[in-house]
Amino acid sequence: ASISKALSDRMARMSLERRLSVEGRIRGLRSLELTQDGNILACFPVVSSPGVMDVQDTNNQTARSLHQVLRLISFYELKESSILIELAVWKSRIDGTACLSREDCRAPIPDTAKSSIMDYCGFTGFLEP
């Protein structure tokens with residue numbers, strides 16, 4: 001079964017290094033396959049008999065594999081987003097004040113703010129094991 005194009009689109013927006021990391025993870029999973037054009041296929045074991053096809057996805061292995069890939073992609077997306085937010089705050093401090101040096105203008109994002117951003121984006125608890 002082909003996975004939604006949205007997943008392939010999310011991978012296409014990633015940096016080459018991160019995309020290769022995700023592709024490597026997909027290749028290491030038994031129940032997922034990556035095609036040459038970047039599509040992801042979910043491979044369900046099927047037992048067929050005359051007139052009947054039965055999916056044999058023991059322990060939801062295919063769903064677990066897909067969830068691992070989604071978590072990895074989400075992790076990279078969140079990492080990139082937090083970097084952009086920190087750069088935006090840093091830039092606003094540089095533009096708004098007469099800091100002596102760029103390093104004096106660095107402003108770490110508090111964990112409570114990061115948690116609020118993740119909650120707002122719908123990722124609360126998503127990356128936790």
Side-chain angles (χ1 to χ4, degrees):
S2 179
I3 304 301
S4 169
K5 180 157 172 36
L7 188 59
S8 298
D9 290 344
R10 287 172 67 181
M11 284 184 55
R13 288 191 298 264
M14 296 169 64
S15 69
L16 179 62
E17 178 184 348
R18 291 180 176 157
R19 188 170 56 247
L20 291 175
S21 172
V22 173
E23 289 174 356
R25 180 72 61 93
I26 291 170
R27 288 187 184 98
L29 296 170
R30 293 183 324 184
S31 53
L32 296 180
E33 187 175 318
L34 183 67
T35 63
Q36 288 183 347
D37 61 357
N39 288 320
I40 300 169
L41 303 176
C43 305
F44 293 94
V46 176
V47 176
S48 64
S49 58
V52 178
M53 292 185 77
D54 188 26
V55 175
Q56 301 283 317
D57 191 15
T58 308
N59 298 326
N60 293 320
Q61 185 61 40
T62 304
R64 284 192 177 108
S65 295
L66 186 56
H67 189 251
Q68 282 181 329
V69 171
L70 286 169
R71 286 171 55 122
L72 185 60
I73 291 171
S74 295
F75 171 78
Y76 285 137
E77 289 173 337
L78 286 170
K79 188 174 181 178
E80 185 70 24
S81 297
S82 67
I83 290 169
L84 290 175
I85 290 169
E86 288 181 12
L87 287 172
V89 170
W90 186 26
K91 183 180 181 326
S92 71
R93 289 192 62 182
I94 288 173
D95 291 345
T97 63
C99 291
L100 299 175
S101 70
R102 294 181 130 222
E103 289 195 14
D104 290 338
C105 292
R106 288 189 183 209
I109 306 295
D111 286 339
T112 53
K114 288 179 185 177
S115 295
S116 296
I117 291 166
M118 288 183 68
D119 185 37
Y120 177 78
C121 295
F123 289 112
T124 302
F126 187 75
L127 298 176
E128 295 174 1

Q) Do Leu70 and Phe75 share a hydrophobic cluster, counting only Ile, Leu, Val, Met, Phe, Trp and Tyr and linking them when any side-chain heavy atoms are less than 4.5 Å apart? A)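 Linked within one cluster.
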Q) Can you pull the salt bridge (Lys or Arg N to Asp or Glu O under 4.0 Å) pairs that have at least one residue in residues 18-28, sequence neighbours excluded? A)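 For residues 18-28, and leaving out neighbouring residues, the salt bridge (Lys or Arg N to Asp or Glu O under 4.0 Å) pairs sorted by first residue read Arg18-Glu80.
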Q.
Taking side chain to side chain contact (heavy atoms under 4.5 Å, CB included) as the definition, give me every residue that meets it alongside Ser31, ordered by chain and number, with sequence neighbours left out.
A. Gln61, Thr62, Ser65
Q) side chain to side chain donor-acceptor pair (under 3.5 Å) with Thr35: which residues, sequence neighbours excluded? A)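 If we apply the side chain to side chain donor-acceptor pair (under 3.5 Å) test to Thr35, skipping adjacent residues, the hits are Asp37.
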Q: List the steps and the verdict of side chain to side chain contact (heavy atoms under 4.5 Å, CB included) for Gln68 and Leu32.
A: CA-CA 11 Å; Gln68 282 181 329; Leu32 296 180; over 6 Å; no
Q) Nearest 0.5 Å, what's the CD1-CE distance between Ile26 and Met11? A) 4.5 Å
